[in-house]
Protein chains: 2
Amino acid sequence: MPPASPSSGDQVQSVTRALDLLQALNRQKIASIKQLHDTTGLPKPTIVRLLKTLIAKGYVANDPRQGGYSVTSLVRALSCGFHGDPLVVEAGRAWAIDLTRRFKWPAAIAVLDENAMTVRFSTIPESPISPFHGTVGLRLSLVSRSLGRAYLAFCPQAERNILLQMLSASKDREDAAARRPAALLRALQAIRSQGFAERDPGVEPKSSSTLGVPVMDGDRVVATLGLTYFTSAMKRAQAVDLYVPHLRSAADNISRSISRLGS
Amino acid sequence: MPPASPSSGDQVQSVTRALDLLQALNRQKIASIKQLHDTTGLPKPTIVRLLKTLIAKGYVANDPRQGGYSVTSLVRALSCGFHGDPLVVEAGRAWAIDLTRRFKWPAAIAVLDENAMTVRFSTIPESPISPFHGTVGLRLSLVSRSLGRAYLAFCPQAERNILLQMLSASKDREDAAARRPAALLRALQAIRSQGFAERDPGVEPKSSSTLGVPVMDGDRVVATLGLTYFTSAMKRAQAVDLYVPHLRSAADNISRSISRLGS
DNA sequence: CTGCCTGTTTCGCATTGTGAAACGCAGGCA
DNA sequence: TGCCTGCGTTTCACAATGCGAAACAGGCAG
């Protein structure tokens, strides 16, 4: 009787394992029992039992023509109870517009969607052609883009671990940095201490740069807010000094307007 | 020592319960322990233990300012391993175009997303103004629209139950029919036996109508394919006789092109 | 202060989940 | 053809694991 693993207060073992299985299934899009056994380390009979449960609930299917098991679309349905989202976007819209009015740069608000940040609203100043990929719906890498890194830096550790694990299996070139966790974690630590994110130095083009800050609901990141500026128009240090405080206060305002106990 | 509930082969109790909890949390966007106790019937200490586990894994948060617990955005990440989706849409695109070429009516392919069918591709014949809400991204009610009903009718029962449970909590007027399960289930049974779906008779406007068929991957629905016609241009019976066979064969072709063990 | 209601902790019990081992089956190889 | 290897499945005896009644704690209202 080991005194339980160091940090396992009183959780339910089988549930933890079932969730691990789901995660594993999610990374490998389709997996056999053997593969699951190898990646999770769980004994095969246990895996079978857990899978049976997940299948009975409809979250996993014994995918066609005996290829193996995989996550079903029903798992998607599980996320529709996550709210805050509409509220955040609504409030974010107003403050993004405000930032753009004041500084004449594009601003955007993005939320986590599956394994990337999705832009839910973005502004483009009347000015020239936009350096900002301003399309709503655009998916930004969690590891390389400012809006993604701000999220990763400020989300709870358990979540970060899971996301990184998923991303390291991704083929997306932009997410490749997730495979060098040490460097990435150091970068995230820096972001955390300075309070805002910039894109991964490796990403092109460098003619523009985005500053990203987290939008918190209580102690939880629910979105990230960003402001993009031309690097030719302004030096980095100057931009940071000038814009970051305003970004922070905008993010705070958004937080305030979505807090449930208003007043 | 009850001989276990009638149909529980060998599943893991705690996992089942944990998933029930997630579902409950998903319906009520935010819930206290008491509420969860009332809706799920689980004893409070059990709920606490399960919640602790879910929280440790990051799927649930003790939402801010002590309002209660709720599902986090991380649950969204869990669905990104569900594939088939890109393949289906790709293949669906080709066959939707084909249908439109032949019959000069709009066609569409949709997949489940959270609690509605989302149109992933749709065609609009050059002809007049389209009766079809052809926007990609449009979300169609699972209970009232043809593309939704086709999905509900052919998905596994466990999944149907969960979806209906979620929908009956929805405020969307179109989903209200989910609150009369008896009538709805009868309608779904009919859809199942005839092999295609039509919209809920109550939905306006009636100037056009869509025929929807399921796209299967093995024994699992992965999408639905629809063809919309003007009711003024063609009688229902005639349209059914003429179009349904072609819809079916298009759906079969899509199925074939996504089956993993090609030849 | 008192009563009520909700969340948390405790703790002995047996139900529940566990996993080594044995089995069955299919496909590969000689 | 028969042997073998590798994967999925089933079995079963054991005890660890999860269970939940009951007791406890804290907040809020009257």
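The sequence lines fix the lettering, A, B, ..., with proteins before strands; numbering per chain opens at 1.
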### Query
Is the closest basic N to carboxylate O distance between A:Lys34 and A:Asp38 below 4.0 Å?
yes
## Note on the structure
To the nearest angstrom, the CD-P distance between B:Gln35 and C:dG7 comes to 8 Å
### Message
If you take any heavy atom closer than 4.0 Å to DNA chain D, which residues from residues 43-52 of chain A end up in contact?
### Response
A:Lys44, A:Pro45, A:Lys52
### Message
What is the separation between atom CD on A:Gln13 and atom P on D:dG18, rounded to the nearest whole Å?
### Response
5 Å
### Query
For the pair made of CG in A:Leu42 and C1' in C:dT18, what is the distance, rounded to whole Å?
11 Å
### Task
Could you check how far NE2 of A:His37 sits from P of C:dG19, rounded to whole Å?
11 Å
### Query
Do the charged groups of A:Arg120 and A:Glu90 touch, with an N to O distance under 4.0 Å?
no
### Task
Say whether, by atom type as modelled, one donor and one acceptor occur between the side chain of A:Arg160 and the main chain of A:Leu152 under 3.5 angstrom.
yes
### Message
For A:Ser14 and A:Lys34, find the nucleotide of DNA chain D closest to each by heavy atoms; which residue's nucleotide sits nearer the 5' end?
### Response
A:Lys34
### Message
Measure CD1/B:Ile55 against C1'/C:dG7 and give the value in whole Å, please.
### Response
13 Å
### Short side-chain to backbone donor-acceptor contact, B:Asn26 and A:Ala77, under 3.5 Å
yes
### Query
Is there a donor-acceptor pair under 3.5 Å between the side chain of B:Thr40 and the backbone N or O of B:Leu21?
no
### B:Arg17 vs C:dT16: side-chain N/O to OP1/OP2 distance below 4.0 Å
no
#### Entry: side-chain hydrogen bond (donor to acceptor under 3.5 Å, both in side chains) between B:Ser14 and A:Ser14, worked out
CA-CA 7 Å; B:Ser14 15; A:Ser14 14; 3.1 Å; yes
